[in-house]
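The structure appears right after this line, and notes come after that.
None of these values were measured; they are calculated from a predicted model. Proteins get letters first, then strands, A, B, ... in listed order; numbering begins at 1 in each.
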Protein chains: 2
Amino acid sequence: MTKRTTTTLDYALLGLLHQSPQSGYDLRKIFETMAMGSFSGSPGAIYPALGRLEREGLIKGEVDATTALRPKKVFRPTKAGRQTLTNWLLREIERDDVERRVDELLLRFAFHWVLDNKTATRRFLESFSSEVEGYLEALNRQQRQLPVETPLHARLALTAGIEQYRACARWARKALKEF
Amino acid sequence: MTKRTTTTLDYALLGLLHQSPQSGYDLRKIFETMAMGSFSGSPGAIYPALGRLEREGLIKGEVDATTALRPKKVFRPTKAGRQTLTNWLLREIERDDVERRVDELLLRFAFHWVLDNKTATRRFLESFSSEVEGYLEALNRQQRQLPVETPLHARLALTAGIEQYRACARWARKALKEF
DNA sequence: TCGCACATGTAACGTGTTACATGATTCA
DNA sequence: TGAATCATGTAACACGTTACATGTGCGA
């Protein structure tokens, strides 16, 4: 039996539960209210995810029958869960993360407070901005070498992507000053 | 039998095939080479997708045995396929698209040249920037109303998101001048 | 002869989506 | 009475991921 790969949703749940133990319903409302990347908070996503995490021993739920109309199941991360979270936070940033999972990287950054380690955060931001700038160079090259027949719309769409990454790079440099 | 929902990958394929008829292998290479959002171009994704589109009559493939080492199957969109594509391009932009599918919107824009209709493109960009700006207001409100105990990292992550959307808004205004 | 580029596909697997089910309590 | 909120869950379904299978021709 090979271990399943932990999804971004799993990490998001782990991070939120680290912040404060809460129920599936509470978590769903956070996803609905807050701008957390593109998580949906649909029951069909989060309850099964919580179930998996509990089966794997990364979180532990206990029923709180006191307050609620219907008994709540409040989850909190286990030691193993906290370890999994920090491993994720400290993971090396790959070019591929920057190319296709910027949202996940930003989520990772958001939970970096968990580490309470300025050095780690600085390293993260340095690595992030250097990867982003590397990718920006690739995008600029791509833009210059676009075939002549490339329609204007397609060119502009590429600049939109470039501008988004530039915004990320600027943000990272500014954020770095805070640590 | 309810009709399945056309995925973003389907539209991407439809758009690329509209640009020029080509094989699955050609398409895969485009996804690998070009920065097209987060498409992978893995065979397990694109061949089944082409199969579905062909079954639904949106594209039509014919085998070209002449040139290649191994016979190529070259696909081109049908009339219905072109119609599906334009319907997608002209679809009203919803707040939800902006919140969770900016990439798809940019892809849509990239294929707008298909319409060859400056008015439609202008409408798209106007609608896009107005939705983005509306969402930006919501994000700014969210930022102001962040609970006091919100960790710095989480605050900064939110500003990263805001900066990305700002970049989009700026881009849209600039792009608008081209049409 | 080894590996790479060309070229198309399938199988297992897990995840998210949508829609449904359930049921108590509060409020108009 | 009916609707909304709280609260948890399941079932069908389809998609993408990873890994595998297959086979030709070219260059080192």
Minimum-distance nucleotide to [X] side chain [options: [options]]:
X	options	result
A:Arg52	D:dT8, C:dT15, D:dT17	C:dT15
B:Tyr47	C:dG16, C:dT8, D:dT8	C:dT8
A:Ser42	C:dT17, D:dT17, D:dC6	C:dT17
B:Tyr25	C:dA5, D:dT8, D:dA19	C:dA5
B:Arg28	D:dT17, C:dT8, D:dT10	C:dT8
A:Ser23	D:dT10, D:dT8, C:dG9	D:dT8

Task: Under 3.5 Å: donor-acceptor pair, side chain of B:Thr78, backbone of B:Leu58 - done: yes
- [ ] Would you confirm whether A:Gln22, through its side chain, and A:Ser20, through its main-chain N or O, come within 3.5 Å as a donor-acceptor pair?
- [x] yes
Between [atom2] of [N] and [atom1] of [X], the distance in whole Å:
X	N	atom1	atom2	answer
B:Leu53	D:dA14	CG	C1'	14 Å
A:Asp26	D:dT5	CG	P	16 Å
A:Lys72	D:dA7	NZ	P	5 Å
A:Phe31	C:dT17	CZ	C1'	16 Å

TODO: May I ask you to decide if the ring planes of B:Phe128 and B:Trp171 are parallel, tilted or perpendicular, using 30° and 60° as cut-offs?
DONE: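 If you compare the ring of B:Phe128 with that of B:Trp171, the planes turn out perpendicular.
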Task: A:His153/B:Phe111 aromatic ring centres below 6.0 Å - done: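 No: the rings miss the under 6.0 Å criterion.
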Task: Along DNA chain D (nearest heavy atom to each residue), the more 5'-positioned of A:Phe75 and B:Ser40 - done: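 Of the two residues, A:Phe75 wins.
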Open item on the list: Counting the atoms with a prime plus P, OP1 and OP2 as sugar-phosphate, which does B:Thr7 contact under 4.0 Å by heavy atoms, base, sugar-phosphate, or nothing?
Closed with: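 B:Thr7: backbone/sugar contact only, no base atoms under 4.0 Å.
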Open item on the list: On DNA chain C, compare the nucleotides closest to A:Thr5 and B:Ala45; which residue's is nearer the 5' end?
Closed with: B:Ala45
Task: Whichever of A:Thr8 and B:Gly24 has its nearest DNA chain C nucleotide further upstream toward 5' - done: B:Gly24
